[in-house]
Structures are given as structure tokens and as C-alpha cells.
Amino acid sequence: MISHKEARQLEQFIRKQEKLANHCSYAIGGNAEYFASPRTVAELVALLRYCNQQRLEYTIFGIGSNILFSDRPNVNTMYISLKELLQFEVKDHEWFVSAGIPMSMLALAGELIHSTDFQFTHLLPGSFGAGIYMNAKYYQGQIGDVISRVYYLDMAEPSLEIKCIPVEECKYGYKQSIFQNNPWIIVGADISVEGHPLLSKLEIESVLEKYMLMEDNKSNLMQFHAFFSGEMKRLTQPETPVFIQEIEEYRSQNKHFVNHSCGSYFKNNYDIGKSIGALVDQLQLKGTACGGAMISSHHGNMLINVNNATAENILQLQAIVSEAISKKYGFIPEPEVQIIK
Ligand SMILES: Cc1cc2nc3c(=O)[nH]c(=O)nc-3n(C[C@H](O)[C@H](O)[C@H](O)COP(=O)(O)OP(=O)(O)OC[C@H]3O[C@@H](n4cnc5c(N)ncnc54)[C@H](O)[C@@H]3O)c2cc1C
């Protein structure tokens, strides 16, 4: 239980009628009756207790780069973004990284200690917490391979104490983790960087301070790209690593940061032997539009918001792709994007 005084304090940072379109990379979503972005785990816990006390449901998310919010959000729900939960603690050869830290920050930290292990996170949109939840990946790298233990709150337990699980028990697979099957909220994880030079606290804190200045623009893909591309160039020029350059090229060729999107919309089905993007291409669906939404003409698995699209427009496109793939290839593709009511 939280006291009357605590409840009044919390209400000061709960935003009313907040436009969810401003908190996701799709730039889609109606006004939330309740929205909050806690800066500490203590604030998060107090907020969750407040929800229980007021009989409000809650939805946890990060930067909103893998989420489709509803045009009419549920009035009885508190939308909680963890993108302000920003802590990067350097403990000798281990880092504690909190859930709201953008994954792309790991690539910068990696360059500062001359490690290639985190390069795959360069320009990978999204928060570390969601990366742990989704097992975010790029090329050969995935988040499950670079962490050693995860800290979380178990919402099934009223005490809401922080618990810890070693990575070996996180059941990682392709875009799979134990977190997707449990009512757990990830607050951060440890990363072992044994064998590398120590990370300079001053340097990582200075990058983090600049990032914090982005304030409410943290979910905007164009701002995200400008910030992390710029910081990476500043840290690595004139010898930007080849893999980092390839990532820059791949993501700009596929216009990742030009339109509002959530990246790949469907999970690939590896039994078929071809990516969903290739199947959509074969079906000649690229460029198909519904209202302000369109299947990208650069990448068949990207459903983009080109002109004030609604969630309904995106869902219509999803249905068109699903039906066409089901008819021709005999399976219904599973969305990777999380559809939030
Ligand atoms: C242009 C573009 C390119 C992309 N490329 C890639 C790519 O190469 N590889 C890849 O894997 N993904 C890619 N993505 C998808 C996205 O980057 C990842 O899914 C990322 O992990 C989402 O992070 P987020 O903070 O935005 O999550 P959100 O969209 O905010 O949330 C996603 C899900 O995670 C859950 N969640 C979030 N935080 C927590 C938490 N702390 N505890 C428990 N659950 C939580 C939410 O409930 C939700 O179900 C791309 C997206 C875009 C827009």
C-alpha cells in the first residue's frame, strides 16, 4: 500500500491525456488517460503499487520501436515507458545497465573499451530492457549473448522485490525469451567485460548526459539516428570499424530512419527458407497502401507510416500480407510488432 501523501506525489508526474504517438517510432497512437516515465526503480515500484491501489491496468514499454499503440487507448490503463530509467554503472570488469538505456549505447561503450562484442547494437533502435525481452538481434549478434544476469520485478509477487536470473536460465532463442511468458518487468542486467580495458566512467556519463537532453524525442527514429551515428563517428573517426560502416550502409539503404516504422513487422519463418520480405516481394505487394500506411517499396517486411496513418491502417496492411502469404505459402506469418490495446 502507498500512503495518501505518496499517491499525491506520484500524481504530479503522471501525465494525463498524453499522446502515445509521441512515445513510439510509428508515431501512431491516441491519447492515454494515464502515462508515466519513471526515472528510478523506486518510482516504478511506487507507480505499480499506485496502479494496484487505483485498480488501473498497466502496460510496460521502452522506446516504443516495436509497438503499435491503439488509436483509442484503454482509459483504464497506465502506459509506463521505461525510457527514462537511465543508469550505466561501471563496476571494474562488469557493467550494470538499466532497462531504459538505448541498445545503441552499448556499441559506443564497446568502442571505448576496444571490444567488437557490442558492434551489432549500433543503430539497433530500442531500449536495453526490451532488447533483453525480445532477444533483439542483428546479423550474428543477439542481446542474450552479451548479458550475464538480468534483474526484474515479478508482478505475481506482491512484495515487488528485485529478483535476479542468470542468462543460462533465460531460455533464449530466435526472438524468444523467458520474459515473454512471465509477468516480469526487466529493470536492468549485468554485462561482463572481462579481458578488456576499463570503461571510463567520465566518457560514458558524458554521452549519457547528452542523450538525456533529447527529452521527449527519444522515440523519434530520425533523432535516434542523428544522435548515435554522430556519437559513433565522433568516437571512432578517422578509423570507423568496417562492421559499423556496413551497419550504417545497410540501414540507410533500407531507409530505416526515413519513415515512421517498427522495422520488420513479421518474424521470419525459417522453415520456408526465405525471409518474409522476399515473400512479399515475390507476391508483388511492395508499395501497397491503406490510408496513410504503406508496405515499404525498399523492404517488403516493413509496414510504414507515410502520412498520418492510423493503427487501423497498419492492421489492414497486416491482414493483406497475412492473407496473401497464407494463400500462396500455406502459413500465417506471426507479427513481431506487439499490438497494444
Ligand atoms: C527501423 C527499425 C529497425 C529495427 N531493426 C531491428 C533489428 O535489426 N533487430 C531487432 O531485433 N529488432 C529490430 N527492430 C525492433 C526493435 O528495435 C526491437 O524490438 C527493440 O528491442 C524494441 O525496443 P523498445 O524499447 O522500442 O521496445 P518497445 O517497443 O517499447 O516494447 C517492445 C516489447 O517489449 C516489452 N518490454 C519493453 N521493455 C520491457 C521491460 N523493461 N521489461 C519487460 N518487458 C519490456 C514491451 O512490453 C513490449 O512487449 C527495429 C525497429 C526499427 C524501428
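Every number for a ligand or one of its atoms is a count from 1 in the order of the listing.
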Record the part of [X] in heavy-atom contact with ligand 1 below 4.0 Å; permitted values are side chain, backbone, both and neither.
X      : answer
Asn66  : both
Gln338 : side chain
Phe61  : both
Thr59  : neither
Trp184 : backbone
Cys262 : backbone

Would you say [X]'s side chain and [Y]'s backbone share a donor-acceptor pair under 3.5 angstrom?
X      : Y      : result
Ser261 : Met302 : no
Ser104 : Leu123 : yes
Ser25  : Leu221 : no

Heavy-atom nearest neighbour of [atom] within options [options]:
atom                    : options               : answer
atom 18 (C) of ligand 1 : Pro125, Ala130, Ser98 : Pro125
atom 31 (O) of ligand 1 : Ile67, Leu123, Ile247 : Ile67
atom 16 (C) of ligand 1 : Cys24, Gly126, Ser65  : Ser65

ask   = Taking the non-hydrogen atoms of Met302, is any one of them nearer than 4.0 angstrom to ligand 1?
value =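 No, that is not the case, since the closest heavy atom of the residue is not under 4.0 Å from the ligand.
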query = Is Lys83 near ligand 1, meaning one of its heavy atoms is under 4.0 Å from it?
reply =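 Per 4.0 Å heavy-atom rule, Lys83 does not contact ligand 1.
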Would you please say whether a donor-acceptor pair under 3.5 Å links the side chains of [X] and [Y]?
X      : Y      : value
Thr240 : Lys233 : no
His122 : Glu111 : no
Ser229 : Glu248 : yes

Relative to the ring of [Y], is the ring of [X] parallel (under 30°), tilted (30 to 60°) or perpendicular (over 60°)?
X      : Y      : answer
His225 : Phe257 : parallel
Phe179 : Trp184 : perpendicular
Phe88  : Trp95  : tilted
His256 : Tyr250 : perpendicular

Atom indices of ligand 1 within 4.0 angstrom of [X] heavy atoms, with elements:
X      : answer
Leu82  : 41 (N)
Gly131 : 21 (O)
Ile60  : 46 (C), 47 (O)
Leu124 : 6 (C), 7 (C), 8 (O), 9 (N), 10 (C), 12 (N), 13 (C)
Met103 : 20 (C), 21 (O)
Tyr138 : 8 (O)
Lys175 : 10 (C), 11 (O)
Ala136 : 11 (O), 21 (O)

Nearest protein heavy atom with distance in Å, relative to [atom]:
atom                    : value
atom 30 (O) of ligand 1 : Gly62 N, 2.7 Å
atom 1 (C) of ligand 1  : His256 O, 3.5 Å
atom 11 (O) of ligand 1 : Lys137 N, 2.9 Å
atom 52 (C) of ligand 1 : Gly263 N, 3.3 Å
atom 25 (O) of ligand 1 : Ser127 OG, 2.7 Å
atom 42 (N) of ligand 1 : Ile186 N, 2.9 Å
atom 44 (N) of ligand 1 : Tyr133 CD1, 3.3 Å
atom 8 (O) of ligand 1  : Arg251 NH2, 3.0 Å

query = Does NZ or CZ of Lys218 lie under 6.0 Å from the centre of the six-membered ring of Tyr211, at an angle within 45° of the ring axis?
reply =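 Lys218 over Tyr211 ring: yes.
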ask   = So, are Lys267 and Glu334 salt-bridged, with charged N and O less than 4.0 Å apart?
value = yes
query = Is Asp145 salt-bridged to Lys137, going by a charged N under 4.0 Å from an acidic O?
reply = no
message = Checking the N or O distance criterion of under 3.5 Å, is ligand 1 in contact with Gly64?
response =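 Yes, Gly64 has an N/O under 3.5 Å of an N/O on ligand 1.
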request  = Step by step, work out the side-chain contact (heavy atoms from CB on, under 4.5 Å) result for Phe128 and Ile63.
outcome  = CA-CA 10 Å; Phe128 185 49; Ile63 287 169; over 6 Å; no
ask   = For Leu315, what are the other residues in its hydrophobic cluster, where any two members join if their side-chain heavy atoms are less than 4.5 angstrom apart?
value =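 Direct or chained contacts put Leu315 with Tyr26, Ile28, Leu68, Tyr265, Phe266, Ile272, Ile276, Leu279, Val280, Leu283, Leu285, Ile295, Leu303, Ile314, Leu317, Ile320, Val321, Ile325, Tyr329, Phe331, Val337, Ile339.
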key: Member of Asn66, Asn301, Asn254 meeting the side-chain contact (heavy atoms from CB on, under 4.5 Å) criterion with Ser264   =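 Result for side-chain contact (heavy atoms from CB on, under 4.5 Å) with Ser264: Asn301.
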